[in-house]
There are 2 protein chains.
Amino acid sequence: MKEVEKRLEDNGVRPTAMRILIYRYMAEKEVALALTDIENAFAKADRTTLYRTLRTFEENGIVHQIDDGTNISKYALCEPGCNCELDQDLHLHFHCTNCDETVCLTQQKIPHINLPEGYIAEDANLVIKGICEKCSGQ
Amino acid sequence: MKEVEKRLEDNGVRPTAMRILIYRYMAEKEVALALTDIENAFAKADRTTLYRTLRTFEENGIVHQIDDGTNISKYALCEPGCNCELDQDLHLHFHCTNCDETVCLTQQKIPHINLPEGYIAEDANLVIKGICEKCSGQ
DNA sequence: TCAATAATTGCACTTCCGTTGCATCGGTTG
DNA sequence: CAACCGATGCAACGGAAGTGCAATTATTGA
Ligand SMILES: [Mn+2]
Ligand SMILES: [Mn+2]
Ligand SMILES: [Zn+2]
Ligand SMILES: [Zn+2]
């Protein structure tokens, strides 16, 4: 159970009670979570604390932020060994238009794109919208 | 000069003075525009009118909405013959982190992605971030 | 033509999410 | 214990999207 604490410390984040709870909650859920989702799960905690916790996590490579096209930022735990900050883990994301959940498809990498002359790519974001496996009844 | 009016009428949108002006403005600019951009260009017009004009345009296949990751919706005129509403024109978009402009790369289509079992794709959004041709000095 | 009708526009207001400033709390250190 | 510093809580702000309704303008058809 000290695993979470170690993960935080290894990434230079002090493992406070709140942070451990948030980390565990995100690990338990298998989908990307919005600040509001976490807020609802921790009613007693202040919104700002959760907000800053997510930012701290993101700055230290513990979570990555996901823009799934809903205009609500989502967050998901990084896979161990994922170097988001180096833009080396450009997996795609899937947003289900039925259940409104967003998941990381960490195995599916964004294919290389040939850009027109003069354009320099530094980052990429690919979101597929549709029906997720749970909702497709498959 | 009746071209714009015809384009609007052909798409079932009544060509009011305001709409023609907005269409011309979007055609003149070669980049995707946010509501605020248009608002600044038409100071005398009400924001709601511009907002609803863009929505009307989008609902009738005159513009398409672009989510470039800035959490601000952008809009760009559809190419003639682009069937956005049928998700058949999945070109990618480029967002320059230097000048903050977003452009359609209508020639670059989003490659087909093989999804895991059970996932059904209906739409896709691919945004490349980096330096645009104007800013790269190329 | 002109009244009736429908669509468009303008104004005020609300909601939602993200963000910040500042005071307070609490643990760590010397 | 005292001092310090990071974490947390409270309050407020700002931008962007969206809505209700009244006023205005365009269209219809008697
Ligand atoms: Mn992810
Ligand atoms: Mn486009
Ligand atoms: Zn689903
Ligand atoms: Zn640029």
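So that the names make sense, note that chain A is the first sequence line, chain B the second, and so on, each numbered from 1. We use all heavy atoms of the structure for the numbers below, so side chains are in, but hydrogens, waters and symmetry mates are not.
When ring centroids are compared, A/H95 and A/H93 stay outside the 6.0 Å threshold.
Using a 4.5 Å heavy-atom cutoff, the side chains of B/L54 and B/I38 are in contact.
If you check every strand for non-hydrogen atoms under 4.0 Å, B/R14 touches sugar and phosphate atoms only. Using a 4.0 Å heavy-atom cutoff across all strands shown, B/R47 reaches at least one base atom of the nucleic acid. Within 4.0 Å (heavy atoms only), B/R52 reaches at least one base atom of the nucleic acid.
Expressed to the nearest 0.5 Å, how far CZ of A/R52 lies from CZ of A/R19 amounts to 11.0 Å.
Nearest to the side chain of A/T36, among C/dC17, D/dT8, D/dT19, sits C/dC17. With C/dT9, C/dT20, D/dA17 as the candidates, the nucleotide lying closest to the side chain of B/L35 is D/dA17.
Atom P of nucleotide C/dG18 and atom CG of A/D67 are separated by 11 Å, given to the nearest angstrom. Atom CE of A/M18 is separated from atom C1' of D/dG6 by 16 Å (rounded to the nearest Å). Atoms CD (B/E39) and C1' (C/dT9) sit 15 Å apart, rounded to a whole Å.
For B/T16, no side-chain nitrogen or oxygen approaches OP1 or OP2 of D/dA26 to under 4.0 Å. Here A/T49 reaches the OP1 or OP2 of D/dG9: one of its side-chain N or O atoms lies under 4.0 Å away.
Using five terminal pairs a side, the axes of the helix from C/dT1-D/dA30 to C/dG30-D/dC1 at its two ends make an angle of 10°, given in steps of 10 degrees.
A donor-acceptor pair under 3.5 Å is absent between the side-chain atoms of A/N71 and the main chain of B/I72, judged by distance alone.
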